[in-house]
Every structure is written in structure tokens, then in C-alpha cells.
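What follows is a single structure, written as C-alpha cells, with notes after it.
Whatever order the structure lists ligands and atoms in, that order sets their numbers, starting from 1. Just so it is clear, the model here is predicted, and its values are computed rather than measured.
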Amino acid sequence: QLGDTVLWDRWLSDEDEDDEDFLYRVLLLGDRGVGKSSLVGIFAGVSDKEESPGVDSYERTLTVDGEETTLVVMDTWEQDKLEEEDVMKASAYLIVYSVTERSSFESASELRIRLRRLRQADDIPIILVGNKTDLVRSRDVSVEEGRACAVMFDCKFIETSACLHHHVGELFQGVVRQIRLRRRGPCG
Ligand code: GDP
Ligand code: MG
């Protein structure tokens, strides 16, 4: 609990501006049940996390392309309770849907539109994540649809299975690369 509180303060603090290059804040959004907590759990190395109300945050230092970066990942469970100010603080967003649930895919589009409005002036990485690819027979949203949606909304796209740990590492490494690209340009 204490760890969470400290991280939450860190998320809200403005004193990190100097660390900006090393500390990246990532916010997960998406309908309930799509697998946000499962994805974060794998990232954080937690196999069985208890559900606790509100927002949970996890911090981990990743080495991507030979360079260390600290990601603070915020897992929300009630988006309505999110303060706009907190949403604004993110360096990147993961919009998660379940490939087995079309309504969650539609919610993802709505979230993308809301984010665009909220952060009109900023060029912030957004990654569309289609989770639960292991549930092949209940798939309701095709890869092509996911990809087309990402193109239309100008964001990156990846499909994952939290269950099989498939593409989860790639997802978080991809986030780091996207943030670096925006901050430093393609040659930085
Ligand atoms: P959240 O509400 O978005 O945080 O979703 P959770 O991470 O709590 O997951 C909701 C349910 O979906 C849980 O029962 C998970 O075990 C299950 N789940 C999450 N990811 C996957 C996945 O990739 N494949 C399958 N089959 N189930 C998943
Ligand atoms: Mg959750």
C-alpha cells in the first residue's frame, strides 16, 4: 500500500521534470474485463495481484535498446474517477480492448477521440492493444480491423495475450521506443 502511495505522489509531482528523460508515465485505459490488470501484472512481475479499488501503479526499470528507462504504469479500474489532470500527465497511453468483445473495441475508439480532444496540442504516443488473442474461437474483432482502426486514429497497434504472455514484453518495450522517438527525434 505504502509503495502505491509513494508512486501515486510521484505521478502527481511536478518535481520530476528533470527526470523526464528517464521516467515515463504510462496510463492504461479500456473497458472493464479486457485484461488491463493482467497485462500490468505481467509487466510488474506480479502473477496474482489482489484487486484493490481505484488506481494501481507499478514501477519498473526496463533496458530497451541498451538503455535504461523507468516506466511508471498506471492501471485504472474506474475511468470515470480519473482526474483530467492525471490523464494529462501521462507520457503515453495504452488503449486496451478484447478481441473477443466488439463493444470494448468501440469503446477504444471513443477513448481515442476523447484523448485527442484532451491533448490536442501534444504529440503523445498512443498504442491500441487488442488483448486475448488466445481465445481464437471467440474472436469478434479481426487483426485487420484493429490495424485499420489504428491507422485511422494515427496510433500504434499490437495484439497480445496476457494469458499466454504473448507480445506483452514487446508492448512495453514498444511504449518506451515510442516515447523516446517523440522526445529525441529519430536519430536521438
Ligand atoms: P481489467 O478489468 O481490464 O483489468 O481486466 P483483468 O486483467 O482483470 O482481466 C479480466 C478477465 O480476463 C480475467 O478473468 C483475466 O484472467 C482474463 N484475461 C485477461 N487477459 C486475458 C487473455 O489474454 N486471455 C484470456 N483468455 N483471458 C484473459
Ligand atoms: Mg483491472
**Prompt:** Below 4.0 angstrom, N of the basic side chain to O of the carboxylate: do Glu145 and Arg139 qualify?
**Reply:** no

**Message:** Counting only heavy atoms not in Asp122 (residues, nucleotides, ligands), do more than 12 fall under 6.0 Å from its CG?
**Reply:** yes

**Request:** Consider every N or O of Arg32 and every N or O of ligand 1, then say whether any pair is closer than 3.5 Å.
**Result:** no

**Message:** Tell me the nearest of Ser98, Gly33, Cys163 to atom 10 (C) of ligand 1, using heavy-atom distances.
**Reply:** Gly33

**Request:** Kindly indicate whether a cation-pi arrangement holds for Arg116 with Phe153, taking the cut-offs as under 6.0 Å to the six-membered ring centre and within 45° of the axis.
**Result:** no

**Item:** the Mg ion (ligand 2) to nearest N/O/S of Ser38 less than 2.8 Å
**Value:** no

**Asked** Can you name the one residue among Leu28, Leu111, Ile126 that meets side-chain contact (heavy atoms from CB on, under 4.5 Å) with Tyr93?
**Response** Ile126

**Asked** Counting each atom of ligand 1 from 1 as listed, which ones have a heavy atom of Ala162 under 4.0 Å away?
**Response** 20 (N), 22 (C), 23 (O)

**Item:** Atoms of ligand 1 close to Asp31 [distance to a heavy atom under 4.0 angstrom, numbered from 1]
**Value:** 3 (O)

**Request:** Please name all residues satisfying side chain to side chain donor-acceptor pair (under 3.5 Å) with Thr133, sequence neighbours left out, ordered by chain then number.
**Result:** none

**Prompt:** Mind checking whether Gly30 has a heavy atom under 4.0 Å from ligand 1?
**Reply:** no

**Message:** I'd like to check the side chain to side chain contact (heavy atoms under 4.5 Å, CB included) partners of Asp65; sequence neighbours left out, ordered by chain and number.
**Reply:** Arg177, Arg180

**Flag side-chain contact, heavy atom, 4.5 Å: Val87 against Leu115** = yes

**Asked** Does Thr160 come within less than 4.0 Å of ligand 1, judged by its heavy atoms?
**Response** no

**Request:** Find all atoms of ligand 1 within a distance of less than 4.0 Å from any non-hydrogen atom belonging to Lys36, and give their numbers and elements.
**Result:** 1 (P), 2 (O), 3 (O), 4 (O), 5 (O), 7 (O)

**Request:** Could you check which of Thr133, Asp75, Asn131, Leu164 puts a non-hydrogen atom nearest to atom 20 (N) of ligand 1?
**Result:** Asn131

**Item:** Location of contacts on Leu135 toward ligand 1, heavy atoms closer than 4.0 Å
**Value:** side chain

